[in-house]
Amino acid sequence: MLALLGRAGPMSRAALARELGMSPATLTQVTRRLLAQGVIEELDRQEPSRGGRRARLVGLVGDAGRALGVKVAADHVALVDMRLDGQVTDTVTIPFDATALEAVPAIVELLRPFTKPREDLPALLGIGVGVPGSVDRPDSGVVDAAMLNWRHVPLGTMLGAALGLAVLVENDVNALGSGERLYGRGRTLNDFLVVTIGRGVGLAIVAQPASE
């Protein structure tokens, strides 16, 4: 439900149930729990009437949390700080030598100031990291990246342990493809390609599984 509201915006309960394939009873339970946790809220807005009673909309509470997005390149690290509702609060690009021997500890120290609690910002829920290489799983985040001279580097585990936060690691082009699928031009497409051109050429293939 949070992912759907994040990419589609505020929706009525009926629309949420329809899009998620939930029964009204299950949707009511989930909605009640998320309302109590303060991550969604009922809005004064209502969906357009189709002849019956106009339904109130529910949406994400932006101040309920935020996430830090990180892209590691050979010569820089790019960061974006984003609220739960998708509003970007800050972006920064920092020169960085990711091929250095102690690159991962250096990344930890680079990120540490951005992970400290701030009174003017919601709590940081976690970090997503994109890297130019292969990743075994997003949670453990073991990276092999020839461009960075990394081999079997447990980036996700090391960052999570050092910073005390949930960390997900993904190939940067795959992450870009997922972003386009959820929030970009790919929202209305079943199949598409994302191509990146930099020091190398990257390709993400997004395809709807064929029906049996």
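Every salt bridge (Lys or Arg N to Asp or Glu O under 4.0 Å) that D139 has, sequence neighbours left out, goes to R137. In this structure R66 satisfies the salt bridge (Lys or Arg N to Asp or Glu O under 4.0 Å) test together with D81, sequence neighbours excluded. Under the side chain to side chain donor-acceptor pair (under 3.5 Å) criterion, T188 pairs with no residue at all, not counting sequence neighbours.
Proximity of W150 to L155: side-chain heavy atoms (C-beta onward) are separated by under 4.5 Å at one or more points.
Counting heavy-atom neighbours within 6.0 Å of R7 CZ, excluding the residue itself, gives a total above 12.
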Kindly determine whether V173 and L203 satisfy side chain to side chain contact (heavy atoms under 4.5 Å, CB included), including the steps that lead there. CA-CA 7 Å; V173 185; L203 172 66; 5.6 Å; no

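The main-chain N or O of P95 is never found under 3.5 Å from a side-chain atom of D75 such that the two would form a donor-acceptor pair. In this structure, the side chain of T31 does not engage the main chain of T28 through any donor-acceptor pair within 3.5 Å.
The same ILVMFWY cluster, assembled from side-chain heavy atoms under 4.5 Å apart, contains both L163 and V92.
Through direct or indirect side-chain contacts shorter than 4.5 Å among Ile, Leu, Val, Met, Phe, Trp and Tyr, V88 is connected to V80, M82. Applying the under-4.5 Å side-chain rule to Ile, Leu, Val, Met, Phe, Trp and Tyr, the cluster around L101 consists of that residue alone.
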Donor-acceptor contacts under 3.5 Å from residues 126-136 side chains, at least two apart:
from, atom 1, to, atom 2, distance (Å)
S134, OG, D144, O, 3.4
D136, OD1, S140, OG, 3.2
D136, OD1, V142, N, 2.8
D136, OD2, S140, OG, 2.9

